[in-house]
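In what follows, a structure is listed as structure tokens, so that the remarks can point back to it.
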There are 2 protein chains.
Amino acid sequence: MKKEVTTLKQLAKALNVSISTVSRALNDHPDISLETKDKVQKLAAKLNYVPNIFAKGFRQHKTNIIGVIVPNITHYFTTTIVRGALEEAESKGYRVIISESNNNVEKQKEMFNTMLQFGVDGILASLTKRTRNVDYILATLNNLPIVLFDKVSNKIPCTQITINDEEASYNLIDHLINIGKTRIAIIKEGEYSYNSEKRFSGYLKALKEHNMDVDPKMIITVEDISLQEGKRMANVLLSAKEKPDAIFAITDGAAIGVIKTLKKFNIKIPEEIAVVGFSNSSYSTIIDPKLTTVDQPGEKIGRTAMKYLIDEIDNPEENITSKFVEIKSNIVIRDSSFKA
Amino acid sequence: MKKEVTTLKQLAKALNVSISTVSRALNDHPDISLETKDKVQKLAAKLNYVPNIFAKGFRQHKTNIIGVIVPNITHYFTTTIVRGALEEAESKGYRVIISESNNNVEKQKEMFNTMLQFGVDGILASLTKRTRNVDYILATLNNLPIVLFDKVSNKIPCTQITINDEEASYNLIDHLINIGKTRIAIIKEGEYSYNSEKRFSGYLKALKEHNMDVDPKMIITVEDISLQEGKRMANVLLSAKEKPDAIFAITDGAAIGVIKTLKKFNIKIPEEIAVVGFSNSSYSTIIDPKLTTVDQPGEKIGRTAMKYLIDEIDNPEENITSKFVEIKSNIVIRDSSFKA
DNA sequence: CTGAAAGCGCTTACAG
DNA sequence: CTGAAAGCGCTTACAG
């Protein structure tokens, strides 16, 4: 079905010049006379000539395609990152192939391979939560620039873009302490989760700096954090002998689960128990009370990551090195922790 | 930086056979002896040979890449469609290039052109709301198969996948009437919006079939429907002499805006005023009361659309024809319209 | 059963 | 200032 498309050959024939000349004229090569350039370009425009990117890329070992791998494309935060990455890529003449790993390590491995096979110029990836084996990623890194974002891994020596998880988390807890909370619980994931660990260490740091005790009963670790787990773990926390007066759930989803449970028991938020989340997802203003959380600038993360990647594609360096870039995020204080 | 990759040539040299033979052996061509196939395939595996898809595609005038154009990639419904489309495409050996038109007609036009230039094998698109000029799409359609989904246009003779908007909307209104509502308002968009019009006609149809009057005061049309507009328009409806006893907002976002306003005025939902939306977005269970809405099976829409597209790519037909496919959606009754 | 050769559309070092 | 030729990695009709 693909119809005939104008080629250099046809232009050359119509104008009685060589293909080389047409190619140069179209690429504005300095050698070509203005006159020739002019007539070539006019005809090209008239015949709607578009270069065959793949012939070109094939020739130059470049496809102008960048692969993006994300664990779950339905997450709002992810889509804002993708949007930023797309904008940046398109403005520089690149196209983006997207794939979803569904948090499945096997699928992720397959993605890296097919991306390589499809000849992408570089890969932007956020890893699945449980990425243990990174051998194939290291192997890929030998062939292509890779930039990681959000879910990164310090086992991979490449550029990694994250937000200031630890600092933001510290600020959240600091805020809770400042409004008088003294018994702050956290709902987090295990040490396999990069982001969770960072947020947890921000939590610990804040408590320590305020000389507050760390009560193991107030530290809840779940396998896979979610709204459901938030609900469940709020129940667990409420059944403690000494209840918390604030709960930090390391994702908005879980924080919303917590709020739902607290509301069920008619617990006043934030007076009896304050709740804070992380992400500033679009849910955070739908829920009542509106959620205090950390605003993660997704588009900026996406743009920044793509910028670094394209830069590495354009200026290949021999030695691959780790580089950690933190994007600043800010806490957004709302009714779930503070009533004006 | 792109490193050396194993090629047919290298395999041929190493095995002392011709490139043709290697190519055939790898493609399991019946002419080749089992013995040869075996030794070629073994070495290929050992050297980690992956075919260069672009050389192949270039040769065969096929890229195995499909372009997907969506108005806004951050919409949850859109992401579920994309997920379905990705799954289907990947299972058939295709990759997907995604681009966002940001509901901008100029950008959309550019997308179609660069997709063409990048040599995609087909395009899957959801159009921007205000697509008037479709000339360039018709021109593209001459070169490539196009399948439209969600935001479609009957001005373009191609396969179009939507949900049963009219029917679903009819069912919603029917439900409201059955629970005793008699004064049902609708918040919709103008006639430039395909989906809005369909939903509106379902509304009218239901009223008519129940012999209910259509009160123009109960029909609110906004330019661009959103949560904010939902809030605003709920205020307008509340200031009417005769208030509605149910409000149908044609998107969940707007319905949530309506609920927020009603709650502000302490109006009982659903007793005084019931609220229904459309989409079954993830917000619909976050809001209190949970929202009655229409579940749109996004993944199925995506899978179906991609299936049709790939089918058209594989079996090109000479004459392009319109084909309308409706995916069934179901209403989900929740607290905002019915208290058990 | 295997190979030599042409060609997909483009760029570019070389020659003039 | 312009052209002829090689080559990117692959497939396939043709020949043997």
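In the text below, chain A, chain B and the rest are named by the order of the sequence lines, each starting its count at 1.
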Using a cutoff of under 3.5 Å, can you pull out all pairs of nitrogen or oxygen atoms linking the protein to nucleotides 5-7 of chain C, with atom names and distances?
| from | atom 1 | to | atom 2 | distance (Å) |
| --- | --- | --- | --- | --- |
| C:dA5 | N6 | B:Ser20 | OG | 3.4 |
| C:dG7 | N2 | B:Arg59 | NE | 3.3 |
| C:dG7 | N2 | B:Arg59 | NH1 | 2.9 |

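A salt bridge links B:Glu90 with A:Lys107: the distance from a Lys NZ or Arg NE/NH1/NH2 to an Asp or Glu carboxylate oxygen falls below 4.0 Å. Between A:Lys307 and A:Asp311 no salt bridge is recorded (no basic side-chain N to carboxylate O distance below 4.0 Å). Taking a cutoff of 4.0 Å between a charged side-chain nitrogen and a carboxylate oxygen, B:Glu88 and B:Lys92 qualify as a salt bridge.
Look at A:Ser18 and you'll find a side-chain N or O under 4.0 angstrom from OP1 or OP2 of D:dG3. Remark: B:Tyr49 is not in phosphate contact with D:dG9, judged by side-chain N or O atoms under 4.0 Å from OP1 or OP2.
A side-chain donor from one of B:Thr74 and B:Asn72 sits under 3.5 Å from a side-chain acceptor of the other. B:Ser23 and B:Ser20 are not linked by any side-chain donor-acceptor pair at a separation below 3.5 angstrom, with hydrogens and angles left out of the test.
Listed by residue number, A:Ser23, A:Arg24, A:Asn27 are the residues of residues 22-43 of chain A with a heavy-atom contact under 4.0 Å to DNA chain C.
Remark: C1' of C:dA4 and NZ of B:Lys9 are 15 Å apart, rounded to the nearest angstrom. The nearest whole Å value for the distance from the NZ atom in B:Lys56 to the P atom in C:dG9 is 19 Å. Remark: P of D:dG9 and CG of B:Asn64 are 19 Å apart, rounded to the nearest angstrom. Separating the CG atom of A:Leu8 from the C1' atom of C:dC8 is a distance of 13 Å, rounded to the nearest angstrom.
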Can you check side chain to side chain contact (heavy atoms under 4.5 Å, CB included) on B:Arg24 and B:Thr36, steps first, answer last? CA-CA 10 Å; B:Arg24 292 198 186 94; B:Thr36 309; over 6 Å; no

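Here B:Lys109 pairs with nothing under the side chain to side chain donor-acceptor pair (under 3.5 Å) rule; sequence neighbours left out.
For the P atoms, the distance linking C:dA6 with C:dT2 amounts to 23 Å, nearest Å. When the P atom is used for both C:dG9 and C:dA13, the distance is 23 Å, rounded to whole Å.
Residue pairs meeting the ring-ring contact (aromatic ring centres under 6.0 Å, His included) criterion with at least one partner in residues 91-116 of chain A, sequence neighbours excluded, are A:Phe112-A:Tyr136. Counting only residues at least two apart or in different chains, ring-ring contact (aromatic ring centres under 6.0 Å, His included) contacts with residues 140-159 of chain A are absent.
For DNA chain D, runs of at least 3 consecutive pairs of the Watson-Crick or G-U wobble type, with both hydrogen-bonding distances under 3.5 angstrom, map to C:1-3 with D:14-16, C:5-12 with D:5-12, C:14-16 with D:1-3.
Using a 4.5 Å heavy-atom threshold, the side chains of A:Arg83 and A:Glu87 count as touching. Residues A:Ile137 and A:Lys155 form no side-chain contact, since every pair of their non-hydrogen atoms from C-beta on lies 4.5 Å or further apart.
Along DNA chain C, the nucleotide closest to B:Asn16 and the one closest to B:Ala55 are compared, and the more 5′ of them pairs with B:Asn16.
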